[in-house]
Asker: 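Could you have a look at this structure, given as structure tokens, before my questions?
These numbers come from the heavy atoms of this one structure, side chains and all, not from hydrogens, waters or symmetry mates. Counting convention: from 1, in listed order, for ligands and their atoms alike. Residue indices begin at 1 and follow the sequence shown. Just so it is clear, the structure is predicted and the values come from calculations on it, not from any experiment.
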Amino acid sequence: MTEDAIDEAAIARAGRILKDGGLVAFPTETVYGLGGDALNPESSKKIYAAKGRPSDNPLIVHVCRWEDVAPIVEEIPKEAEKLAAAFWPGPMTMIFNKSSLVPYETTGGLDTVAVRFPSNKIAAAMIRAGGGYIAAPSANKSGRPSPTEALYCKEDLDGKVEMIIDGGQVGIGLESTIIDLTEEKPTILRPGYITKEMLEKVLGEVDVDRTIIAPNSGIRPKAPGMKYRHYAPQGDLAIVEGSPEHVVSYINEACGKAKAEGKVTGIICTDETRDRYQADYVYSAGTRSDEETVARQLFKILREFDDDGAQVLFSESFAGGGICMAIMNRLMKAAGQKVINADRESAEGGST
Ligand code: TXA
Ligand code: MG
């Protein structure tokens with residue numbers, strides 16, 4: 001179905017499944033979610049089991065009306081009101097202190113709860129039909145890239161969910177921005193489409209969780225899920241940064257070397273450099289003049305490498321403002337934080 005042509009009968013069926021404690025995968029504007037009744041501890045347990053997700057990793061509670069936030073939180077800070085007015089419904093999740101209505105099974109044992117009000121109309125209709133509070137992590141098997149199309153939900157969760165709603169390809173392609181409002185200063189726990197600059201326009205200065213800026217610091221991230229290796233393709237991925245000339249020649253040389261060793265090679269690049277690469281699989285994620293296209297394609301490409309059986313993988317880097325912080329955050333996780341500076345290193349090993 002599409003947002004303009006919602007299949008009411010299918011939504012009603014999804015609503016019944018959710019109210020009966022079952023699971024439904026559904027589209028949102030960010031990525032597909034794996035939904036269950038957030039107020040039913042058994043549903044949350046089922047979600048963890050279906051994803052193969054550690055149960056200390058809390059779920060986001062999805063609502064479809066602002067009025068539905070108050071009953072599940074202790075209090076609504078004034079920052080939350082401002083942010084909701086600016087960005088809800090939309091790709092932003094806020095962390096509150098939870099009320100007793102929300103079971104610990106849903107929050108992974110935490111006294112806080114993550115709340116999101118998605119803008120996708122199919123999601124909104126399903127949340128309403130399901131009782132108003134839908135816990136939903138991304139609808140991937142734990143460790144795999146978040147699904148940006150229904151077919152990837154099927155790939156990862158077939159047989160483990162009662163229903164998958166196909167709403168086509170998602171618009172954004174990276175998960176929501178998470179902002180914690182339970183500490184003294186509002187803090188970004190996960191970067192997303194709603195950027196630091198956008199949040200600061202509304203709130204004044206906001207912090208960014210240290211582990212996003214310095215991922216190798218050894219500090220524990222505040223969003224439990226951010227500590228897990230995510231989005232990881234089966235191949236060995238490295239990000240290559242530096243001047244475009246050096247990046248292209250480094251990656252081509254390294255792929256040549258890997259190929260000579262009999263390895264299957266893959267590259268994530270952009271429209272600007274696409275024709276200059278040689279590898280078994282070369283995917284452009286979009287144009288650098290519109291980095292939102294890159295965000296939308298990234299998870300799909302990471303999944304495609306697995307289908308291709310690619311073993312040695314390189315990606316261009318996406319330094320810059322706006323959505324780039326979110327793109328790099330996901331890429332860095334996929335690469336296990338491995339970054340090569342092509343201005344300083346050569347593919348032969350050693351410095352240039
Ligand atoms: O865009 C999205 O947010 C998607 C769609 C489906 O809405 N959902 C999503 O959920 O990405 P998930 O479970 O894949 O990621 C949720 C992240 C995890 O890193 C989790 O640790 C963090 O949010 N989180 C959830 N509740 C939290 C809490 N109370 N405190 C801190 N972090 C929390
Ligand atoms: Mg996820």
Asker: When you compare the side chains of Ser284 and Asp271, does any donor N or O come within less than 3.5 Å of an acceptor on the partner?
Answerer: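 Checked: Ser284/Asp271 side chains pair up, N/O donor to acceptor below 3.5 Å.
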Asker: Strictly distance-based, threshold 3.5 Å: is any side-chain N or O of Ser99 a donor or acceptor partner for the main-chain N or O of Leu101?
Answerer: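 It does hold such a pair.
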Asker: At what distance is the nearest protein heavy atom to atom 13 (O) of ligand 1, and which residue and atom is it?
Answerer: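 Result: Arg53 NH1, 2.8 Å.
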Asker: Any idea which protein heavy atom is nearest atom 3 (O) of ligand 1, and the distance to it?
Answerer: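 Sorting protein heavy atoms by distance from atom 3 (O) of ligand 1 puts Ser176 OG, 2.6 Å first.
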Asker: Of the side chain and backbone of Pro58, name the one, both, or neither that has a heavy atom under 4.0 Å from an atom of ligand 1.
Answerer: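 For Pro58, the contact with ligand 1 is made by both the backbone and the side chain.
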Asker: Do me a favour and list the nearest non-hydrogen protein atom to atom 19 (O) of ligand 1 with residue, atom name and distance?
Answerer: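 The closest one turns out to be Gly225 CA, 3.2 Å.
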Asker: Quick one: which ligand 1 atoms are inside 4.0 Å of a heavy atom on Leu110?
Answerer: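 Per the distance check, 28 (C), 29 (N), 30 (N).
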Asker: Just jot down the salt bridge (Lys or Arg N to Asp or Glu O under 4.0 Å) partners of Glu272, sequence neighbours excluded, or say none.
Answerer: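 None.
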Asker: Does either side chain, that of Thr30 or that of Ser176, offer a donor lying less than 3.5 Å from an acceptor on the other one?
Answerer: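 The answer is no; no qualifying pair exists.
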Asker: Around atom 29 (N) of ligand 1, find the nearest protein heavy atom and jot down its residue, atom name and distance.
Answerer: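 Ranking protein heavy atoms by distance from atom 29 (N) of ligand 1, first comes Thr112 OG1, 3.0 Å.
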Asker: Heavy-atom distances under 4.0 Å are what count here, so tell me which part of Lys51 touches ligand 1: side chain, backbone, both or neither.
Answerer: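 The answer is neither.
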Asker: Leaving waters out, which protein N, O or S atoms fall under 2.8 Å from the Mg ion (ligand 2)?
Answerer: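 Listed by chain and number: Ser138 OG.
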Asker: So, regarding Tyr32 and ligand 1 (criterion: nitrogen or oxygen to nitrogen or oxygen, under 3.5 Å), is there a contact or not?
Answerer: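 So ligand 1 has no N or O lying under 3.5 Å from an N or O of Tyr32.
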Asker: Can you tell which part of Thr107 has a heavy atom less than 4.0 Å from ligand 1: side chain, backbone, both or neither?
Answerer: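 For Thr107, there is no contact with ligand 1 at all, from either part.
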Asker: Below the 3.5 angstrom mark, is there an N/O of Glu175, backbone or side chain, next to an N/O of ligand 1?
Answerer: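 By distance alone, the answer is no.
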Asker: Testing Glu79, Glu200, Glu205 one by one against Lys185 for a salt bridge (Lys or Arg N to Asp or Glu O under 4.0 Å), which residue passes?
Answerer: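 That would be Glu205; it is the only one of Glu79, Glu200, Glu205 passing the salt bridge (Lys or Arg N to Asp or Glu O under 4.0 Å) with Lys185.
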Asker: Can you run down the salt bridge (Lys or Arg N to Asp or Glu O under 4.0 Å) pairs that involve residues 121-147, sequence neighbours left out, and say none if there aren't any?
Answerer: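 Only Arg144-Glu155, Arg144-Asp156, Arg144-Asp306 qualify under salt bridge (Lys or Arg N to Asp or Glu O under 4.0 Å).
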Asker: Would you kindly specify which portion of Ile60 sits under 4.0 Å from ligand 1, judged on non-hydrogen atoms: side chain, backbone, both or neither?
Answerer: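 Side chain only.
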Asker: Heavy atoms only, cut-off 4.0 Å: how does Lys222 contact ligand 1, side chain, backbone, both, or neither?
Answerer: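 For Lys222, the contact with ligand 1 is made by the backbone alone.
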Asker: Please list all pairs meeting ring pair (Phe, Tyr, Trp, His ring centres under 6.0 Å) that have one or both residues in residues 287-334, counting only residues at least two apart or in different chains.
Answerer: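 Residue pairs with at least one partner in residues 287-334: Tyr231-Phe299, Tyr283-Phe305.
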